[in-house]
Amino acid sequence: MIEKNISYCFSFDLNTNKLLKYTHSKNLAYYEIKKFLVNELGFIHIKDSDYITPKISKTRFNIINNKIIGKFIHIFDCFNKFQATEVDKKNIDILEKFEGIIDKNPELKQELQKVRKDVEQGLACDHKNIFLFNEIRKESEEERFMQENKQLKETINEKDTEIKKLKEENKKLRLINWNNNLVQTPKKSKNVKKPKI
């Protein structure tokens, strides 16, 4: 089944009071998020905190979510909302995905607790990746499978082309051979049958 590519609208809202505790800045997080979404992920900035993606597959959408979560885990508590909406369709709550992945990942949970502890002690987070998921370091199994499948199809097409060329060459050689037989044995030419091509 072929995946349908669609566009998504992403929007987020940050709690600026919490941002001051976490980063000692109200604007830096907005700038970092915009830079990441536009420069790294290819989003188009519409206005304020609203962005739109080019048409992408569901697999690519999931990879993008994992990248966003991995990049901004250190300010997770500062998000009031982070949503993705299929164009003309339902909302997808990315914060719920944050919570789901954090609950399933002990290392990530521990990292978030460390961040929260630092913030309680008045330490600001620096804007860099604190934790990167395995999903980010390697492409998803599904996307890798799709890539391998595509490469396999290309290889099969190349082999089919080679086989066609060999068949054509074989036809030509058989005709040349038949013509040579006619020239060499003109008396028996009536008995020499033209090869089937």
Side-chain angles (χ1 to χ4, degrees), residues 1-12 33-46 50-73 82-94 96-98 100-101 104-105 107-108 129 131-197:
M1 186 176 149
I2 298 170
E3 269 189 301
K4 187 181 176 185
N5 290 353
I6 51 175
S7 291
Y8 295 84
C9 293
F10 278 72
S11 63
F12 64 90
I33 293 169
K34 180 180 178 180
K35 188 170 82 170
F36 183 70
L37 295 181
V38 173
N39 296 347
E40 299 291 325
L41 301 179
F43 285 26
I44 298 162
H45 183 223
I46 302 170
D50 297 328
Y51 297 80
I52 192 165
T53 69
K55 287 191 174 183
I56 54 174
S57 66
K58 189 74 176 174
T59 304
R60 181 71 185 145
F61 172 76
N62 291 331
I63 290 169
I64 282 172
N65 281 340
N66 287 338
K67 287 187 177 184
I68 291 170
I69 293 164
K71 179 76 174 174
F72 299 109
I73 188 64
F82 204 144
Q83 289 182 327
T85 309
E86 290 180 23
V87 173
D88 300 328
K89 289 203 177 178
K90 61 177 183 178
N91 282 343
I92 297 161
D93 194 331
I94 295 172
E96 282 182 16
K97 288 182 178 287
F98 265 85
I101 290 175
K104 291 175 188 173
N105 194 319
E107 289 178 345
L108 192 57
N129 289 356
F131 186 91
L132 289 176
F133 297 114
N134 288 333
E135 292 97 325
I136 298 167
R137 286 196 291 265
K138 59 179 184 176
E139 290 181 334
S140 73
E141 290 299 320
E142 189 176 347
E143 187 163 79
R144 190 183 301 128
F145 170 76
M146 287 166 67
Q147 188 64 31
E148 286 173 2
N149 195 28
K150 185 182 173 186
Q151 288 171 351
L152 187 60
K153 282 180 181 176
E154 285 171 1
T155 305
I156 289 168
N157 287 338
E158 284 172 12
K159 294 295 178 191
D160 282 346
T161 306
E162 283 177 27
I163 288 167
K164 282 178 187 174
K165 282 181 183 175
L166 287 170
K167 282 183 177 178
E168 286 297 319
E169 285 175 17
N170 191 28
K171 271 187 198 179
K172 288 177 186 174
L173 287 171
R174 287 172 67 197
L175 274 174
I176 291 167
N177 191 32
W178 180 74
N179 284 331
N180 285 341
N181 282 340
L182 285 179
V183 172
Q184 288 170 8
T185 56
K187 290 180 183 177
K188 297 180 182 178
S189 60
K190 290 179 183 177
N191 298 333
V192 179
K193 290 183 181 178
K194 187 174 183 179
K196 289 180 182 177
I197 297 169

Nearest-0.5 Å distance, [atom1] of residue [X] to [atom2] of residue [Y]:
X      : Y      : atom1 : atom2 : value
Lys58  : Ile6   : NZ    : CD1   : 6.5 Å
Ile63  : Ser57  : CD1   : OG    : 7.0 Å
Glu86  : Cys9   : CD    : SG    : 10.5 Å
Glu168 : Lys164 : CD    : NZ    : 10.0 Å
Asn65  : Phe82  : CG    : CZ    : 8.5 Å
Thr59  : Ile64  : OG1   : CD1   : 11.0 Å

Next item on the list: For the residue pair Ile68 and Phe36, establish whether any side-chain heavy-atom pair is separated by less than 4.5 Å.
Entry: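 They are in side-chain contact.
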Check: If we only count heavy atoms from C-beta on, is the Glu154 to Lys159 side-chain gap below 4.5 Å?
Finding: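 A side-chain contact is absent here, since even the closest heavy-atom pair is not under 4.5 Å.
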Set of side-chain contact (heavy atoms from CB on, under 4.5 Å) partners for [X], sequence neighbours left out:
X      : value
Ile156 : Leu152, Asp160
Thr53  : Ser7, Tyr8, Phe10, Phe43, Ile56
Lys35  : Tyr31, Glu32, Asn39

Closest approach of [X] to [Y] (non-hydrogen atoms, all atoms of both residues):
X     : Y     : answer
Asp50 : His45 : O-CD2, 3.4 Å
Tyr51 : Ile46 : C-CD1, 4.0 Å
Gly42 : Pro54 : O-CD, 3.5 Å
Leu41 : Lys67 : CD2-CD, 3.9 Å

Next item on the list: Could you give me the CA-CA distance, side-chain angles and deciding distance for Glu162 and Lys167, then say whether side-chain contact (heavy atoms from CB on, under 4.5 Å) is met?
Entry: CA-CA 9 Å; Glu162 283 177 27; Lys167 282 183 177 178; over 6 Å; no
